[in-house]
Amino acid sequence: MKEVVSSCILPQSHRTSSLRTIANMLDNGGVCGIPTDTVYALAASCKHPEAINRIYSIKERPSEKPICICISNLDQLRVINPPFSPLLWNFMDLVYPGGISCIVQKGEWLKKLGVGPAYETVGTNDSIMIRVPDHTVTAHLTDMTGPLAITSANPSGESDSTHHDMVITRLSDKLDAVLCDGYSNELVGSTVVNCTKINEGIIKILREGCVPTTKIMQLFERAKNTLGVL
């Protein structure tokens, strides 16, 4: 492993003080490597669009590829009452928390969620991808920070980071911190599901990740059957 640049700190995830340190860095406009329920991610606070732009530079990520948001639980959405259909709520209740990213229609509700400053920086012009990781560390962190913009912690086009050492080796010279949590839970990222036409009875798997397509479709059928939608 290459020598770590001293400006990138490496707190351990099992310490509450470490989460506070990372949360403070993110709240102050930093970019950090963090664990999730799938693979390691780069994170920036939605309070700081300039930090999200840094992620693009750090990863050398093409500007046309949108970045998703991460929240700690669905209750954060329910409180602001976005205009989601009963079918979409049913589906999200079945898949969250977990290794699935749902793409939904963008709207003013995102500003109530706390994404306001980054509204133009995350997602596309009309859609946003939402992650609710099934990971205690990530959930506690996002409870402290509010919504985070996240994407996989690897140079664009390279393999996912499945251990904090991989993030440190490849990106530490460009990061403010890496929250060290050992091996990741999965070897690949989340499964991406386009839910923008869910009210027409249609979802589309854009990327199969750690959750198989067959499982997604089974959950979608359950969501429809709960409503009596055939």
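Remark: side-chain polar atoms of R170 are not paired, donor with acceptor, to backbone N or O of D165 under 3.5 angstrom. Between the side chain of R61 and the backbone N or O of P66, at least one donor-acceptor pair lies under 3.5 Å. Although no hydrogens or angles enter the test, the distance criterion places no donor-acceptor pair under 3.5 Å between the side chain of D176 and the main chain of C32. Remark: the backbone N or O of R54 is not paired with any side-chain donor or acceptor of K174 at under 3.5 angstrom. A donor-acceptor distance shorter than 3.5 angstrom exists from the side chain of H48 to the backbone of D27, with no hydrogens or angles considered. With hydrogens and angles disregarded, a donor-acceptor distance shorter than 3.5 Å links the side chain of T138 to the backbone of P35. Of the possible donor and acceptor atoms, none in the side chain of R222 sits under 3.5 Å from a partner among the backbone N and O of N90. At least one donor-acceptor pair closer than 3.5 Å links the side chain of K59 to the backbone N or O of S152. Panel note: side chain S184, backbone Y40; no donor-acceptor pair is recorded below 3.5 Å.
The two residues V178 and H164 make their nearest non-hydrogen contact at CG1-CB, 4.1 Å. Closest heavy-atom contact between P133 and P97: O-CB, 3.7 Å. The minimum heavy-atom distance between I71 and Q76, with the atom names listed, is CB-OE1, 3.0 Å. Considering all non-hydrogen atoms of both residues, A153 and V167 come closest at CB-CG2, 4.0 Å. Closest heavy-atom contact between A51 and G30: CB-O, 4.1 Å. Across every non-hydrogen atom of V104 and W109, the tightest pair is CG2-CZ2, 3.9 Å.
Within the 4.5 Å cutoff, the side chain of T38 has heavy atoms near those of the R131 side chain. The closest side-chain heavy-atom distance from M92 to C195 is not below 4.5 Å. Contact check for K106 versus N125: no side-chain heavy atoms found under the 4.5 Å cut-off. T121 places none of its side-chain heavy atoms less than 4.5 Å from the side chain of I67. Annotation: side chain of T226 is not in contact with side chain of F91 (no heavy-atom distance under 4.5 Å). Using a 4.5 Å heavy-atom cutoff, the side chains of S159 and N154 are not in contact.
If you take OG1 on T214 and CG on L219, they are separated by 9.5 Å, rounding to the nearest 0.5 Å. Taking SG of C70 as the start and CG of D37 as the end, the distance is 8.5 Å to the nearest 0.5 Å. Interatomic distance, OG1 of T145 versus CG of L19, reported as 10.5 Å (0.5 Å rounding). Rounded to the nearest 0.5 Å, atoms CG (L26) and SG (C46) are 10.5 Å apart. Distance OG1/T213 to CD1/I203: 9.0 Å, rounded to 0.5 Å. Summarising the geometry, atom CD1 belonging to I128 is positioned 7.5 Å from atom SG belonging to C68; distances are rounded to the nearest 0.5 Å.
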Where do I168 and C180 land on the side-chain contact (heavy atoms from CB on, under 4.5 Å) test, with the steps shown first?
-> CA-CA 9 Å; I168 294 165; C180 300; 4.3 Å; yes
Stepwise side-chain contact (heavy atoms from CB on, under 4.5 Å) check, L87 with F220 = CA-CA 9 Å; L87 179 56; F220 184 45; 4.2 Å; yes
Carefully, step by step, assess N185 and D134 under the rule side-chain contact (heavy atoms from CB on, under 4.5 Å).
-> CA-CA 10 Å; N185 291 350; D134 189 10; over 6 Å; no
Before giving the answer on side-chain contact (heavy atoms from CB on, under 4.5 Å), spell out for I9 and M25 the whole-Å C-alpha distance, their side-chain angles and the decisive distance to 0.1 Å.
-> CA-CA 10 Å; I9 68 167; M25 282 194 161; 3.5 Å; yes
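Shown here is H163, whose NE2 atom has more than 12 heavy atoms of other residues, nucleotides or ligands within 6.0 Å. Heavy atoms from other residues, nucleotides or ligands lying under 6.0 Å from CZ of R78 number more than 12. By the neighbour-count criterion of 12 heavy atoms within 6.0 Å, atom CG of L187 is sparsely surrounded, having that number or fewer from other residues, nucleotides or ligands.
Partner of T142 under the side-chain contact (heavy atoms from CB on, under 4.5 Å) criterion, chosen from I34, L148, I150: L148.
Under the 4.5 Å side-chain heavy-atom criterion for ILVMFWY residues, no single connected hydrophobic cluster contains both V39 and L10. Under a hydrophobic clustering in which Ile, Leu, Val, Met, Phe, Trp and Tyr are joined whenever their side-chain heavy atoms come within less than 4.5 Å, directly or via other members, L77 and V122 fall into the same cluster. A chain of hydrophobic side-chain contacts below 4.5 Å, direct or via other Ile, Leu, Val, Met, Phe, Trp or Tyr residues, connects M217 to V95. The hydrophobic cluster containing V115 does not contain M129, counting ILVMFWY residues as joined when their side-chain heavy atoms lie under 4.5 angstrom apart, directly or transitively. A single hydrophobic cluster is seen to contain both L88 and L110, as judged by linkage of ILVMFWY side chains at heavy-atom distances under 4.5 Å, directly or through other members.
Between F84 and W89, the two ring planes are tilted [angle within 30° to 60°].
Side-chain N/O atoms of S101 and S190 include a donor and acceptor closer than 3.5 Å.
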